[in-house]
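First up is the structure itself, then whatever we jot down about it.
Residue numbers begin at 1 in each chain, while the letters A, B, ... track the order of the sequences.
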2 protein chains.
Amino acid sequence: MKLTTKGRYAVQAMADIAAARGAEPVSLPEIADRQGISAGYLEQLFAKLRRAGLVDSVRGVAGGYRLARPAGAIRIGEIVDAVDEEIHTTACHGAAAGCQGAGARCLTHDLWDELGRHIELFLSTVSLEDVIDKRVIGTAAVNAPGGRHQDDWKPGAEV
Amino acid sequence: MKLTTKGRYAVQAMADIAAARGAEPVSLPEIADRQGISAGYLEQLFAKLRRAGLVDSVRGVAGGYRLARPAGAIRIGEIVDAVDEEIHTTACHGAAAGCQGAGARCLTHDLWDELGRHIELFLSTVSLEDVIDKRVIGTAAVNAPGGRHQDDWKPGAEV
DNA sequence: TTTATAGTTGACTAATTTAGTCGGGTTTCT
DNA sequence: AGAAACCCGACTAAATTAGTCAACTATAAA
């Protein structure tokens with residue numbers, strides 16, 4: 001999995017549809033307007049979301065996109081996976097065992113592996129419904145030890 | 001916090017020093033050689049690590065860098081913070097409350113906020129010593145629900 | 001049947017970020 | 001003195017991201 005703003009935009013757009021809660025499809029210009037994302041860019045994202053089976057498209061005059069499943073059955077991790085496709089250029093993509101002739105090279109392999117599992121676990125636990133109903137807070141402790149102020153967190157480029 | 005290869009390189013280099021476990025400083029060319037990172041690039045990273053008080057430098061002929069504290073007292077989160085400095089260009093950096101005139105804009109704010117806390121919590125839990133002693137595995141469940149295969153995870157660019 | 005709406009596709013581009021390189025210093029030990 | 005190492009800042013090439021654009025296709029309402 002990969003975390004970029006693309007993934008965040010996709011989740012935002014999906015949340016927008018979910019929040020509408022209607023049976024009638026939501027058009028991209030509507031979403032673009034409400035969420036401040038360019039319509040052209042949304043097209044790209046929704047093409048992938050459709051291919052991943054997360055949304056159904058309705059063409060024609062009153063068309064748009066609709067969630068393919070109830071919001072409670074769509075996990076955030078699926079959305080992120082759908083738009084941020086994996087490219088396997090990893091230096092050490094083997095099992096955590098020997099990993100590139102052992103040595104010091106992959107001392108940290110297990111660490112990032114484990115972090116990845118943490119993130120996947122979290123994102124696969126939260127559903128779209130949880131997000132729009134604001135049932136997300138409180139899963140992790142409020143402050144990490146050390147007493148520093150908790151800032152925003154940014155993956156890829158910027159948040 | 002931000003997660004890029006820079007942060008991973010820094011952790012890797014710190015782990016290299018920690019793994020040496022000697023009182024005598026480790027030189028950058030040594031680390032560059034063992035970890036496959038260019039020495040010039042390491043200089044940049046170590047300048048920041050030094051400024052953050054994570055390493056002490058020893059100049060002169062047999063000089064190099066040394067951990068400023070025992071490996072058990074250096075948390076991974078500190079290392080990442082030291083090299084991947086924060087830029088606050090966030091659209092909504094306010095509290096999770098209203099956040100940009102309420103509306104649908106920040107439906108997902110809490111989600112990323114919470115994910116950030118998860119990550120910070122995890123990285124602040126693990127010490128450099130844990131990493132070199134391979135005591136990292138097992139904190140998260142091995143598979144997420146859903147049965148998909150767990151792939152690598154990549155933050156910024158590539159892993 | 002026309003026409004407008006809306007999705008679909010793919011190519012293209014500008015800006016940003018990342019991951020370095022390079023060259024010249026300065027300090028310190030032998 | 002001289003070598004080894006750190007220190008600093010400017011520069012750059014590659015990759016990625018975010019976004020634009022134009023042409024095309026399908027659908028439904030008038």
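Between B:Glu120 and B:Arg117 no salt bridge is recorded (no basic side-chain N to carboxylate O distance below 4.0 Å).
With hydrogens and angles ignored, the 3.5 Å screen pairs a side-chain donor or acceptor of A:Glu30 with a backbone N or O of A:Ser27. Here the side chain of B:Ser38 pairs a donor or acceptor atom with the backbone of B:Tyr41 at under 3.5 angstrom.
Here the C1' atom of nucleotide D:dC7 and the CG atom of B:Leu42 are 14 Å apart, to the nearest Å. For B:Lys48 and D:dC6, the NZ to C1' distance is 17 Å, given to the nearest whole Å. The distance from atom NZ of B:Lys6 to atom C1' of C:dG20 is 10 Å, rounded to the nearest whole Å. Following rounding to the nearest Å, B:Leu49 (CG) and D:dC7 (C1') show an atom-to-atom distance of 14 Å. The interatomic distance linking B:Arg66 (CZ) with D:dC6 (P) rounds to 12 Å, in whole Å. What separates CG of A:Leu28 from P of D:dT20 is a distance of 14 Å, to the nearest Å. Here C:dT8 presents its P atom at 10 Å from CG of A:Asp56, a figure rounded to the nearest Å. Rounding to whole angstrom units, CZ of residue B:Arg50 and C1' of D:dA5 are separated by 13 Å.
One N or O donor and one acceptor, one from the side chain of B:Glu43 and one from the base of D:dC7, sit under 3.5 Å apart.
Contact annotation: B:Ser27 does not reach the phosphate of D:dC6 (side-chain N/O to OP1 or OP2, under 4.0 Å). In this model, the phosphate group of C:dT8 is approached by a side-chain N or O of A:Ser57 to a distance below 4.0 Å at OP1 or OP2. The phosphate of D:dT17 has neither OP1 nor OP2 within less than 4.0 Å of any side-chain N or O from A:Tyr41.
The nearest heavy atom of DNA chain D to B:Gly63 and to A:Ile37 marks one nucleotide each, and the one closer to the 5' end goes with B:Gly63. Two residues, A:Gln44 and A:Ala62, neighbour DNA chain C, and the one matched to the more 5' nucleotide by heavy-atom proximity is A:Ala62.
Among the nucleotides D:dG19, D:dA28, D:dC6, the one closest to the side chain of A:Tyr9 is D:dG19. Nearest to the side chain of A:Arg59, among C:dG20, C:dT9, C:dG7, sits C:dG7. For B:Thr4, counting side-chain heavy atoms from C-beta on, the closest listed nucleotide (C:dT18, D:dC8, C:dT8) is C:dT18. In this structure, of D:dA4, C:dT9, D:dT20, it is C:dT9 that holds the atom nearest to the side chain of A:Arg51.
Among the protein residues, A:Tyr65 comes within range of the sugar-phosphate backbone only, with heavy atoms under 4.0 Å from sugar or phosphate atoms but none that close to a base.
The two residues A:Ala73 and A:Glu78 come nearest to each other via the heavy atoms O-OE2, 3.9 Å.
Taking CD of B:Glu129 as the reference point, atom CG of B:Leu67 lies at 10.5 Å (rounded to 0.5 Å).
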